[in-house]
Amino acid sequence: QVQLVESGGGLVQAGVSLRLSCTASGRTFSNYAMGWFRQAPGKEREFVAAISRSADNTYYGDSVKGRFTISRDNAKNTVYLQMNSLKPEDTAVYYCAGKEVVRGPNLVLTSVARYDYWGQGTQVTVSS
């Protein structure tokens with residue numbers, strides 16, 4: 001079992017940057033493929049970004065491609081989401097998710113159903 005704790009959310013103006021962090025504890029972090037999702041009020045949870053166990057592969061949702069960057073530091077048990085050029089439509093609760101991957105160090109996972117572990121979420125609000 002792994003525990004995930006997100007941090008770094010807040011209230012910002014459109015156009016600025018914000019970096020979210022997700023720190024894991026409990027198991028070997030480097031065995032986990034990680035992802036970021038978000039959920040706005042009244043909407044389904046949406047895929048944002050994913051990174052493989054090895055960090056060699058990343059994948060992004062269309063709405064954030066070119067603005068957001070996912071990265072990880074396995075020595076610090078942490079995955080990051082750098083968010084640039086924020087827009088009001090990026091407003092949501094952001095969740096990090098993890099899945100232990102025995103094989104496939106370059107596997108990225110993009111659907112909610114594929115992940116076993118979730119953080120509690122951190123609110124990001126972007127004002128216009």
Side-chain angles (χ1 to χ4, degrees):
Q1 182 126 342
V2 66
Q3 291 78 41
L4 303 174
V5 179
E6 302 98 334
S7 61
L11 171 62
V12 297
Q13 289 192 325
V16 304
S17 299
L18 203 59
R19 188 176 80 158
L20 305 182
S21 299
C22 171
T23 301
S25 61
R27 296 290 292 268
T28 306
F29 180 69
S30 58
N31 289 344
Y32 284 75
M34 300 297 295
W36 285 97
F37 292 77
R38 66 187 182 186
Q39 189 165 18
K43 295 190 176 181
E44 291 190 353
R45 196 162 293 192
E46 173 192 18
F47 169 73
V48 174
I51 188 165
S52 63
R53 209 180 77 190
S54 67
D56 285 344
N57 274 356
T58 58
Y59 196 80
Y60 297 92
D62 289 341
S63 60
V64 306
K65 206 171 292 184
R67 298 188 298 123
F68 290 12
T69 302
I70 189 171
S71 61
R72 66 189 297 162
D73 185 338
N74 286 342
K76 294 183 178 180
N77 288 1
T78 301
V79 61
Y80 303 99
L81 186 68
Q82 178 67 42
M83 306 186 293
N84 298 333
S85 303
L86 281 163
K87 304 175 181 180
E89 49 264 45
D90 294 319
T91 295
V93 177
Y94 283 72
Y95 297 91
C96 102
K99 166 77 174 180
E100 188 170 22
V101 177
V102 176
R103 298 187 184 128
N106 297 322
L107 183 68
V108 289
L109 304 173
T110 62
S111 68
V112 170
R114 296 297 301 275
Y115 286 93
D116 294 326
Y117 301 102
W118 293 85
Q120 83 289 348
T122 186
Q123 176 71 46
V124 173
T125 303
V126 184
S127 64
S128 57

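Sequence positions, counted from 1, serve as the residue numbers for this chain. Here the structure is a predicted model, which is why all the values come from computation and not from measurement. Just the heavy atoms: all of them, side chains too, but no hydrogens, waters or symmetry mates, feed the values below.
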Any donor-acceptor N/O pair, [X] side chain to [Y] backbone, under 3.5 Å:
| X | Y | answer |
| --- | --- | --- |
| E6 | C22 | no |
| R72 | A33 | no |
| T23 | T78 | no |
| Q120 | V5 | no |

Are any of the side-chain heavy atoms of [X] and [Y] separated by less than 4.5 Å?
| X | Y | value |
| --- | --- | --- |
| F68 | W36 | no |
| V2 | F29 | no |
| L20 | M83 | yes |
| Y95 | L4 | no |

Please enumerate all residues that pass salt bridge (Lys or Arg N to Asp or Glu O under 4.0 Å) together with K43, with sequence neighbours excluded.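 With neighbours one apart ignored, the set is empty.
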
Quick one: list whatever passes salt bridge (Lys or Arg N to Asp or Glu O under 4.0 Å) with R67, sequence neighbours left out. D90

Working to the nearest 0.5 angstrom, can you tell me the gap between [X] [atom1] and [Y] [atom2]?
| X | Y | atom1 | atom2 | answer |
| --- | --- | --- | --- | --- |
| M34 | N74 | CE | CG | 10.0 Å |
| E46 | R38 | CD | CZ | 4.5 Å |
| L86 | T125 | CG | OG1 | 11.0 Å |

Look at atom OH of Y59 and say whether more than 12 heavy atoms of other residues, nucleotides or ligands are closer to it than 6.0 Å. no

How far apart are the closest heavy atoms of K65 and D62, and which atoms are they?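 Taking every non-hydrogen atom into account, NZ-OD1, 3.1 Å.
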
Please report the closest heavy-atom contact between V48 and V64, naming both atoms and the distance.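 That would be O-CG2, 3.4 Å.
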
Answer with yes or no whether the hydrophobic clustering places V126 together with L11; edges join I, L, V, M, F, W, Y residues whose side-chain heavy atoms lie under 4.5 Å apart. no

Throw together a table of side-chain donor-acceptor distances under 3.5 angstrom for residues 96-113, partners on residues two or more places apart or in other chains.
| from | atom 1 | to | atom 2 | distance (Å) |
| --- | --- | --- | --- | --- |
| K99 | NZ | D116 | OD2 | 3.1 |
| N106 | OD1 | S54 | OG | 2.7 |

